[in-house]
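Everything below concerns the one structure shown next.
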Amino acid sequence: MRRKLVVGNWKMYGNLESNKVLLEAIIKGVHDYRNADYAVCVPTPYLFQAQAILQDTNVAWGAQNMSQFEAGAFTGSVAPHMLVDFGCSYVIIGHSERRELCNESDPVVAAKFEAALNDGMKPIFCVGETREEYESGLTEQVVARQLDAVLNRIGPKGLCQGVLAYEPVWAIGTGRGATPQKAQAVHSFIRNRVAHLDKAAAAKVRILHGGSVRVANAAQLLSMPDIDGALVGHASLVAEEFVAICRAAN
Ligand code: PEP
């Protein structure tokens with residue numbers, strides 16, 4: 001039985017004052033929800049704050065990106081071990097905004113996945129098709145290509161040590177998410193592709209859903225057999241919304 005996981009992706013929002021208010025409200029809200037896992041991925045400068053406020057609670061924290069390298073002349077980059085220094089359990093890898101805005105390729109995303117595991121973090125590995133690809137019927141082809149890049153690098157046993165997130169790009173930030181049935185179909189496709197290589201790994205790996213997950217659709221999405229949690233963007237910035245999604249997972 002896979003335990004559900006709800007992760008907030010704060011993107012580039014927040015400040016010291018608003019973070020404190022939000023984190024304290026989340027801690028209070030999810031304190032008694034013991035049947036699922038919860039985490040927030042905050043902007044890198046606030047990892048120290050997240051660690052200070054969240055340690056000894058049932059809310060984990062993580063980052064939204066990292067370098068695939070451990071050290072070097074990479075101005076502006078952050079190494080995996082630096083995230084570990086601030087207690088990160090998770091790091092988002094291959095978010096569509098980074099794939100699109102920073103040209104992150106499948107091989108780079110796969111290298112980051114492996115680097116995160118090597119440093120003891122769980123990568124949250126995002127896959128998903130653009131609107132154009134969706135409308136051209138290319139969803140499975142695109143998701144398979146993204147998934148295979150990681151599978152070819154670390155195999156199914158490596159993959160299942162991390163977390164997958166299927167986020168149709170056309171659903172992110174639009175308020176119009178995939179229907180539970182459409183989402184389930186792609187989640188099932190992903191799990192079957194892993195099962196083809198390793199049934200145990202496929203049964204173990206958690207596949208989160210992302211893209212306009214809100215209180216209104218969370219319970220239905222989370223009731224699907226291959227949806228093991230949610231990666232939540234905008235709704236994770238509103239404590240009551242995020243806590244309500246966590247309640248649905250619990
Ligand atoms: C995200 O950024 O990963 C995301 C799912 O965003 P939103 O929930 O705002 O669509």
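Numbering of ligands and ligand atoms starts at 1, following listing order.
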Is K28 paired with E24 through a side-chain N to carboxylate O contact shorter than 4.0 Å? no
Proximal ligand 1 atoms for H95, defined as those under 4.0 Å from one of its heavy atoms: 1 (C), 2 (O), 3 (O)
For ligand 1, which atoms sit closer than 4.0 Å to a heavy atom of G173? 7 (P), 9 (O), 10 (O)
With a cut-off of 4.0 Å, which atoms of ligand 1 are near a heavy atom of H234? 7 (P), 8 (O), 9 (O)
Could you tell me whether the side chain of N15 and the main chain of E17 form a donor-acceptor pair under 3.5 Å? yes
Please confirm whether K11 comes within less than 3.5 Å of ligand 1 when only nitrogen or oxygen atoms on both sides are compared. yes
Quick one: do the W170 and E132 side chains pair a donor with an acceptor below 3.5 Å? no
Geometric N/O contact I172 with ligand 1, under 3.5 angstrom: no
Please list, in number order, the atoms of ligand 1 under 4.0 Å from a heavy atom of N9. 1 (C), 2 (O), 3 (O)
I'd like to check which ligand 1 atoms, numbered from 1 as shown, lie under 4.0 Å from a non-hydrogen atom of G233. 4 (C), 5 (C), 6 (O), 7 (P), 8 (O), 9 (O)
Examine ligand 1 and decide if any of its atoms is less than 4.0 Å from a heavy atom belonging to A235. no
Are D228 and R191 within salt-bridge range, i.e. N to O under 4.0 Å? yes
For the pair F113 and F125, name the ring-plane relationship: parallel under 30°, tilted 30 to 60°, perpendicular over 60°. perpendicular
Per-atom filter on ligand 1: closer than 4.0 angstrom to a heavy atom of G211 are 5 (C), 10 (O)
Go through it in stages, so that I can follow the logic: the residues are L22 and V40, the test is side-chain contact (heavy atoms from CB on, under 4.5 Å), and I'd like the CA-CA distance, side-chain angles, deciding distance and then a yes or no. CA-CA 11 Å; L22 179 55; V40 287; over 6 Å; no
Return the residue, atom name and 0.1 Å-rounded distance of the protein heavy atom closest to atom 5 (C) of ligand 1. E167 OE2, 3.0 Å
Side chains of Q184 and D226: do they bring a donor and an acceptor to under 3.5 Å? yes
